[in-house]
Amino acid sequence: MRYDRDPELANILSIQLEEANNIVRNAQSERLKTIFQEVWYKVDHGSVSANVHGERLEFDASLVMDVINKWIRNLRICQESAINKYYAIENPTSEDFTRKGRIEWDVYDLIIYYEELKSKVDSVEMEFANAVRYYRSPLRQSLTDMRIIYNSMKNVKGDFSGFENVSVYIHGIESTGDEFLESAMKAASAGDVIVYEDRDGNKEYYLVYFNQESKDIDFLERDELTPSELDTYKMGRLHIIYETEHENEHRQETSDDLAIKLTEMGLMGKSTLVDMFAHSYGGRRSFQFAIDYPDKVRSISTIGTPYDTNKLAKTANKLPWEWIGKLLKKEPSEYSNYLDFNLENKREDKGIDHSNAYTDLSTEPLHDDINSLRVANPEVYRKLDEMEITAVAGYRLIFKGSSYNPGIRETTSDDVVSIDSQQGNLLGSIIDIRLKYEVKGVGLLYKQGHNSETVAEDFIELIRNVNLEKMGVGNNYE
Amino acid sequence: MGARATVIFQFNKGLPSDISRGISQLENSFHIAFQQMVYFRKELDRHTGKAAFALRTKMDDDISFLSKSANSMLYFADVINSFVKSLKLVDEGIMACSVPLKTRAEQQYAFSPGRQESEIKLNAASLKDATKTFQTNLTNFQEILTHFNNLLEKMLGNTRFPWEDVSEVWHEAKQIIGVIMQEAIMRVNNLLNSAEEFFVELERLDNLIAFTIQHEK
C-alpha cells in the first residue's frame with residue numbers, strides 16, 4: 001500500500017476496494033477477479049481477494065461498469081474538492097500545495113487505471129459474448145420446437161390457423177419485400193389473402209377478389225383483418241411477403257425467425273403446407289427453412305439464387321466495410337447476433353464475431369450442407385429430395401458481332417450470379433426442375449439483370465402456376 | 001454495424017456435469033424403452049381387427065409424441081450444457097472456440113421412429129424378450145424422465161441468457177417445458193398401466209391367428 005497517499009483519498013479507496021471485492025464475490029468469476037487484481041496492483045491499496053469458488057456465476061457487465069463509473073466520479077469530486085480547498089486558503093503553505101498536488105496527480109493516475117479496468121471488463125464481456133453467440137440459434141430453435149409441440153397438445157391456434165396453403169416469399173441480401181409484394185399481387189387469385197410486414201413493423205393486408213365490373217382481380221387493402229374476413233378467405237391461399245429483420249442476416253437466422261413468425265400466426269400445424277418463392281440469397285434462406293422444417297415445405301422455387309459460393313460476395317466480405325458501405329451502398333458487416341459453427345463462416349467487426357449472408361456466400365456452397373445432412377439425418381435428406389424444387393436462372397441477351405454482322409447471345413450469368421450456380425447444378429437431383437428466363441438489365445455496374453428477376457413476367461407466371469397447381473386447378477372464387 | 005447489447009448471464013457452475021449425466025441417463029433409458037415401443041408397434045402390424053387397430057393408433061400417437069418431446073428436451077439440455085461449458089472455459093481463461101454441439105438434425109434422427117423401425121427384426125425369441133423386459137424398462141424410463149424433469153426445472157430456474165429475445169420468452173418457455181414433461185411422464189405412466197392389457201391382447205390376437213390358420217387347414 002502506498003504510504004504517502006492522502007488519508008482522505010485512502011479512505012475512498014478502502015471503500016472502493018470493498019466494493020471491488022463485492023463485485024468479484026457476487027460474480028464468482030475467475031476472469032473478473034483476475035482483471036480486477038491486475039488493475040488493483042497498480043492502484044496499490046490492498047488487494048482483491050474475494051473467494052470465487054462458489055457455485056453460481058453471475059455476470060452483469062453493465063452493473064460492473066456502473067460501479068467503476070461511480071468510483072471515477074467520486075475521485076473527481078475528491079480531486080476538485082482538494083483543488084478548491086487549496087484556492088480557498090488565504091495564505092497557502094508549501095505543505096498545502098504539496099497536498100493538493102499529491103491528490104491531483106494520484107487521482108489522475110487512478111482514473112487512468114479505472115479506465116483500463118473498464119476496457120478489460122469490456123474485453124471480458126466481448127469474450128463471453130463471442131463464446132456463446134453460437135448457441136443462440138440452437139436455443140431459439142429448441143424453444144420453437146417445444147412451442148410447436150405444446151400448441152399441438154393444447155390445440156392453440158393463431159390468427160391465421162386454418163389456411164392450408166401458404167406461399168412465403170423471401171428476398172435476397174440488401175433488399176426488401178417490396179418487389180415480391182408486386183409479384184405476389186400479380187400472381188394471386190381471387191379468394192387469396194396477402195400479408196406484408198416490413199422490418200419496421202408496418203403491416204399491410206390485401207384481400208384478393210374478383211371485380212365483376214372490371215372482370216379482373218382486384219384488392220381490398222386493410223390495416224388489419226377481422227376474424228370473419230379471415231374465416232371467409234381460409235379456403236384461399238395465404239401469401240406472406242416475408243421481410244427479414246436484418247437485410248443481410250444469415251439464412252439460419254431467417255429460418256429461426258420465420259419459424260417463430262409462422263408459429264405465432266398458427267401456421268406450423270400439420271394441416272398447413274408452405275410453398276416458398278425466393279430471389280437471390282432468399283433461395284438459400286428458403287432451403288434452410290426447408291431443411292429445418294421439412295414436413296412444412298411442399299415446394300421451393302428460386303430465381304437468381306447463388307447455390308455455390310459467390311465471387312462478388314467474397315470480394316465484398318473482404319473489403320473494408322466503411323469503403324464498401326459508402327461507395328456501393330452495401331453493408332457486408334451487418335450484424336444480427338448469429339454465429340455459425342463453421343469457423344470459416346464468420347467475420348469480426350469491432351471485436352464481435354458474427355456470421356451473415358456475406359460470410360455464408362463466401363465460404364459455404366449449399367451442397368456441402370446438403371451432403372452433411374445426408375449423413376446426419378437421412379430422413380430429412382429424403383424429404384428434401386422428394387420436395388419439388390425449381391431453380392431458375394436469370395440471364396440477359398446481349399449484342400455481339402459488328403454492325404455488318406450483328407448477332408445476340410445469352411449471358412452466362414445475371415450479372416451477379418452464374419447460370420450454373422443459379423441452377424444449383426452441384427445439388428444434382430435435389431433440384432427437380434432447372435429453368436432459364438431472360439431478364440432485363442444493362443450490366444454489372446449499372447442496372448444488373450439480377451435486380452429485375454423478382455418482377456420478371458416469366459417468374460411471376462411460374463409463381464402463379466405453382467400456387468394454382470398446389471391447390472388443385474382453379475378455385476371457387478372467380 | 002449495429003449497437004452492442006450488454007451481456008448478462010448467470011448459471012450454476014456444477015450444471016454441466018449434472019446435465020451431462022442427466023442427458024446420458026435419459027438417452028440410454030429412452031433408447032431401450034423407445035426401441036421396444038416401436039418394436040411392439042411393428043408387431044401389431046401383423047394383427048388385424050378393431051382391438052389391434054385401436055392399440056396401433058394409440059401407440060403411434062404415443063411414439064410420435066415421445067419421440068418429438070424427448071428429442072426436443074435432449075437437444076435443449078445439450079444446448080444449455082454447451083452454452084454453460086463455453087462460459088466456464090472463458091472464465092477459466094481458456095480461449096476455446098466453442099464447445100461442439102450435436103446438430104438439431106442429428107438429434108431428431110437419434111430417436112426417429114422410422115430409424116428404429118428399420119433396425120428391428122421381429123421373431124418369436126425377440127418378442128418373448130421384449131415382453132419380459134418392457135415394463136421394467138418403461139418404469140426405469142419413467143423414473144429417469146422424472147429426474148430429468150427436476151434437473152430441467154433446476155436448470156431453468158438458475159440460468160439466465162444474454163439475449164433479450166430469449167429472456168423475453170423465458171418465463172413462458174419454462175411453463176411450456178413443464179407441461180410437455182408432465183405430459184410425457186403421464187403417457188409413459190399410461191403405457192405402463194396398459195402394458196399388462198396389451199400383452200394379454202397380443203396373446204389373444206396371436207391365439208386367434210393360430211386358431212384361424214388351424215381352422216382353415
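Since this is a predicted model, take the numbers as computed values, not measurements. In what follows, every chain begins at residue 1, and chains take the letters A, B, ... in the order their sequences are listed.
Between A:Asp145 and B:Lys68 there is no salt bridge, since no side-chain N of the basic residue sits under 4.0 Å from a carboxylate O of the acidic one.
Comparing A:Val375, A:Leu373, A:Asn337 by how many heavy-atom pairs each has under 4.5 Å with chain B, the most go to A:Asn337. No other option in B:Val79, B:Leu15, B:Asn12, B:Asp91 has as many heavy-atom pairs under 4.5 Å with chain A as B:Asp91. For the set A:Arg140, A:Lys33, A:Arg147, the entry with the most heavy-atom pairs within less than 4.5 Å of chain B is A:Arg147. The candidate from A:Thr34, A:Leu32, A:Asp292 with the greatest count of non-hydrogen atom pairs under 4.5 Å with chain B is A:Asp292.
Relative orientation of the A:Phe128 and B:Phe9 rings is perpendicular, given thresholds of 30° and 60° on the angle between their planes.
There is no contact between B:Val84 and chain A, counting heavy-atom distances below 4.5 Å. Heavy atoms of B:Glu172 lying under 4.5 Å from chain A belong exclusively to its side chain. Contacts of B:Val179 with chain A are made by both backbone and side-chain atoms, with heavy-atom separations under 4.5 Å. Heavy atoms closer than 4.5 Å to chain A are found in the side chain of B:Asp165, but not in its backbone. In this structure, chain B has heavy atoms under 4.5 Å from both the backbone and the side chain of A:Tyr150. Only the side chain of A:Met153 has a heavy atom closer than 4.5 Å to any heavy atom of chain B.
We find the OH-CE distance between B:Tyr75 and A:Met146 to be 11.0 Å, quoted to the nearest 0.5 Å. Rounding to the nearest 0.5 angstrom, the gap separating the CG atom in A:Asp369 from the OG1 atom in B:Thr103 is 10.5 Å. Between atom CG of residue B:Leu87 and atom CZ of residue A:Arg31 there is a gap of 12.5 Å, rounded to the nearest 0.5 Å. Of the inter-residue distances, the one linking A:Ser142 atom OG with B:Asn71 atom CG reads 12.0 Å to the nearest 0.5 angstrom. The structure places OG of B:Ser86 at 8.5 Å from OH of A:Tyr134, a figure rounded to the nearest 0.5 Å. Here the CZ atom belonging to B:Arg104 is positioned 11.0 Å from the CD1 atom belonging to A:Ile291, to the nearest 0.5 angstrom.
Within 6.0 Å of the CZ atom in A:Arg374, the count of heavy atoms belonging to other residues, nucleotides or ligands does not exceed 12. The environment of A:Glu348 atom CD is dense: over 12 non-hydrogen atoms of other residues, nucleotides or ligands sit within 6.0 angstrom. For B:Lys154, the NZ atom sits in a loose shell: 12 or fewer heavy atoms of surrounding residues, nucleotides or ligands are nearer than 6.0 Å.
No side-chain heavy atom of B:Lys13 sits less than 4.5 Å from a side-chain heavy atom of A:Arg56. Annotation: side chain of A:Leu139 is in contact with side chain of B:Phe76 (closest heavy-atom distance under 4.5 Å). A 4.5 Å side-chain heavy-atom check between B:Lys88 and A:Leu57 finds every atom pair outside the cut-off. For the pair B:Val99/A:Tyr135, a side-chain contact is recorded, criterion being any heavy-atom separation below 4.5 Å from C-beta on. Counting only heavy atoms from C-beta outward, the side chains of B:Tyr109 and A:Glu379 approach each other to under 4.5 Å.
With a 6.0 Å cutoff to the six-membered ring centre and a 45° limit on the axis angle, A:Arg133 does not count as a cation-pi contact of B:Phe161.
A pairwise comparison of heavy atoms in B:Gly14 and A:Glu55 identifies N-OE2, 3.2 Å as the closest pair. Minimum heavy-atom separation, B:Trp163 to A:Val132: CZ2-O, 3.1 Å. In plain terms, the two heavy atoms of A:Asn377 and B:Gln108 that are nearest each other are ND2-CB, 3.9 Å.
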